[in-house]
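Below is one structure, written out as structure tokens; comments come after it.
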Amino acid sequence: MRIVRAKNAGACYGVQRALDLAQKTREDGIAATTLGPLIHNPLVVADLAAKGIGEAKEVDQVRTQAVIIRSHGVVPQVKEQIQQRGLIMVDATCPYVARAQKAAARLAQDGYHVLVVGECGHPEVEGLRAYALQQGGPVTVAGSVSELPLDLGPRVGVVVQTTQTRETLEAVLEELERRGIQPKVVNTICFATRERQEAAALVARSAQVMVVIGGRNSSNTTRLADICKKSCPATYHIESPEELDPAWFADAEVVGVTAGASTPESHIQAVEVALENMGRQVVLPAQDDDAAEQDPSAFTRS
């Protein structure tokens, strides 16, 4: 039995940056509260709370001297509230999300009907919507072709939730083209997200079982699980090694492991150790994607 970790898996730059900023704030002796969960990973949020960095849903609930902005970003009005209260603001917004916020604002400023391709209600998407509205709107959020309204008009500017799939964006653009709309598109899908999706799909094609590690409230992790299921129906989304069931691997020759962008390296290693304790062999990520796709032994540690 071989355990194969996807070449690209786990915490992305934006997540690691947010964790590092939170850690530095604590080390500097500054009492801080995150506004909403810093990242979409309940285990990480619980660990931060144990270290004294709690969570507040609203600025008015903050009782510390500093506020840490979550990696998904916030609406611009929230930053104004923080400044009005005279709190220290530690902005841990992912740089890719910040880029998408600026793109949404710029499209609205240029007179486009802004179409945000993303999940309605997701904090990142709400931020993108708010930045566009601040410039006068109008703004529409759609997570799929079926959610597109009929009255978009001819002048449409598209911005994308950073963790969306390329397939979703392409399907939306095809539908707009079918309607005769030639949108201005700012593709803000995060490169790290795309890397993880492609690497997970590659491993899933050779695996009998896939283990996807990360918060169940994490959009990008959930998408990884959905992508893996297309090639490997026996895909399991877990948050911790305690959830592993040995029965899942009874007839498997290759077990694939991947993790969402909100999953620290330590969490992946913990799962690998648990699998190893089940009598499995942990191997290094593939270096040759083509060879790995044709022959799972290309993943084996030499």
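No hydrogens, no waters, no symmetry mates; every other heavy atom, side chains included, goes into these values.
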With respect to Asp20, which candidate in Gln16, Lys24, Arg17 satisfies the side chain to side chain donor-acceptor pair (under 3.5 Å) definition? Gln16

Indicate whether any N or O donor in one side chain lies under 3.5 Å from an N or O acceptor in the other, for Glu265 and Gln269. yes

Residue pair Glu119 / Glu147, side-chain heavy-atom distance below 4.5 Å: no

Are a donor atom and an acceptor atom from the side chains of His113 and Thr140 found within less than 3.5 Å of each other? yes

Tyr131 reachable from Leu115 in the ILVMFWY side-chain graph, under 4.5 Å edges: no

Using distance alone, with no hydrogens and no angle criterion, decide if Gln77 and Gln81 have a side-chain donor and acceptor under 3.5 Å apart. no

May I ask you to test the Leu224-Arg196 pair for a side-chain heavy-atom distance under 4.5 Å? yes

Val74 versus Pro123: any side-chain heavy-atom pair under 4.5 Å? no

Under the criterion side-chain contact (heavy atoms from CB on, under 4.5 Å), I'd like the reasoning laid out for Val44 against His267: C-alpha separation, chi angles, the key distance, then a yes or no. CA-CA 9 Å; Val44 170; His267 291 196; 3.8 Å; yes

Roughly how far, to the nearest 0.5 Å, is CG of Leu35 from CZ of Arg70? 8.0 Å

Taking every heavy atom of Asn41 against every heavy atom of Pro264, the minimum-distance pair comes out as ND2-CD, 3.9 Å

Quick one: do Tyr96 and Val160 end up in the same hydrophobic cluster if we chain Ile, Leu, Val, Met, Phe, Trp and Tyr together by side-chain heavy atoms under 4.5 Å apart? no

Taking 4.0 angstrom as the limit, do Arg179 and Glu175 come out as a salt bridge? yes

Taking the side chain from Asp110 and the backbone from Tyr112, do they hold a donor-acceptor pair closer than 3.5 Å? no

Under a 4.5 Å side-chain heavy-atom rule over Ile, Leu, Val, Met, Phe, Trp and Tyr, are Val145 and Val125 clustered together? no

Check whether any side-chain heavy atom of Leu43 sits under 4.5 Å from a side-chain heavy atom of Ser240, and report yes or no. yes

Between Ile268, Val15, Ile39, which is the residue that forms a side chain to side chain contact (heavy atoms under 4.5 Å, CB included) with Thr263? Ile268

Does some side-chain heavy atom of Phe249 sit less than 4.5 Å from a side-chain heavy atom of Leu244? yes

Answer yes when Arg2 and Glu253 have at least one side-chain N-carboxylate O distance shorter than 4.0 Å, and no when they do not. no

side-chain contact (heavy atoms from CB on, under 4.5 Å) between Gln65 and Ile30, worked out: CA-CA 7 Å; Gln65 63 187 120; Ile30 301 173; 3.6 Å; yes

Taking CD in Gln61 as the centre, count heavy atoms belonging to other residues, nucleotides or ligands within less than 6.0 Å. Is the count above 12? yes

Under the rule for side chain to side chain contact (heavy atoms under 4.5 Å, CB included), what residues qualify as partners of Ala22, not counting sequence neighbours? Leu38, Leu48, Ile53, Ile68

Polar side-chain atom of Gln135 near backbone of Ala105 as donor-acceptor pair, under 3.5 Å: no

Heavy-atom check, side chain of Thr258 versus side chain of Val203, under 4.5 Å: no

On a heavy-atom basis, the closest approach of Val62 and Ala56 is CG2-CB, 4.0 Å

Kindly say whether Val59 contributes a backbone atom to a donor-acceptor pair with the side chain of Arg85 at under 3.5 angstrom? yes

Does the side-chain hydrogen bond (donor to acceptor under 3.5 Å, both in side chains) test come out yes or no for Gln84 and Glu80, once each step is laid out? CA-CA 6 Å; Gln84 289 170 1; Glu80 293 172 5; 5.1 Å; no

Only one of Val75, Val139, Val114, Val159 clears side chain to side chain contact (heavy atoms under 4.5 Å, CB included) with Arg129; which? Val139

Could you tell me how the ring of His122 sits relative to the ring of His72: parallel (under 30°), tilted (30 to 60°) or perpendicular (over 60°)? perpendicular

Side chain Arg155, main chain Leu152, donor-acceptor under 3.5 Å: no

Salt-bridge criterion met for Arg216 and Glu243 (N-O under 4.0 Å): yes

Which heavy atom of Cys228 sits nearest to which heavy atom of Val212, and what is that distance? SG-CG2, 4.2 Å

Report whether Val185 and Leu148 are members of the same hydrophobic cluster (ILVMFWY, side-chain heavy atoms less than 4.5 Å apart, transitive linking). yes

Scan for side-chain hydrogen bond (donor to acceptor under 3.5 Å, both in side chains) pairs involving residues 42-59, sequence neighbours excluded, and state none if there are none. Asp47-Lys51

Worked check of side-chain contact (heavy atoms from CB on, under 4.5 Å) between His237 and Thr221: CA-CA 8 Å; His237 181 173; Thr221 308; 3.3 Å; yes

Of all heavy-atom pairs linking Asn217 and His40, the shortest is O-ND1, 3.1 Å

Start with the C-alpha distance between Val158 and Leu176, add both sets of side-chain angles, then the distance that settles side-chain contact (heavy atoms from CB on, under 4.5 Å), and finish with yes or no. CA-CA 10 Å; Val158 176; Leu176 294 179; 4.1 Å; yes

Using a 6.0 Å cut-off, check whether atom CG of Asp28 has over 12 heavy atoms from anything other than its own residue. yes

Return yes if a side-chain donor-acceptor contact under 3.5 Å exists between Thr33 and Thr64, otherwise no. yes

May I ask you to test the Ile69-Met89 pair for a side-chain heavy-atom distance under 4.5 Å? yes

Inter-residue atom distance Thr93.OG1 - Glu124.CD, 0.5 Å rounding: 10.0 Å

Residues Thr168 and Thr165: side-chain donor-acceptor under 3.5 angstrom: yes

Of the non-hydrogen atoms in Ala200 and Met210, which two are nearest, and what is the gap between them? O-CE, 4.2 Å

Taking 4.0 angstrom as the limit, do Glu198 and Arg166 come out as a salt bridge? yes

Okay, side chain of Asn220, backbone of Gly260: is any donor-acceptor separation there less than 3.5 Å? no

Calculate, to the nearest 0.5 Å, the distance between atoms CZ and CD belonging to Arg223 and Glu167 respectively. 11.0 Å

Test item: Thr25 side-chain N/O and Leu21 main-chain N/O as donor-acceptor pair under 3.5 Å: yes

List the atom of Gln164, the atom of Gly118, and the distance in Å for their closest heavy-atom pair. NE2-CA, 3.6 Å

Could you give the distance from CD (Glu126) to SG (Cys120), rounded to the nearest 0.5 Å? 5.5 Å

With hydrophobic residues grouped by side-chain heavy-atom distances under 4.5 Å, do Ile213 and Trp248 end up in a single group? yes

When you compare the side chain of Val257 with that of Leu275, does any pair of heavy atoms fall below 4.5 Å? yes

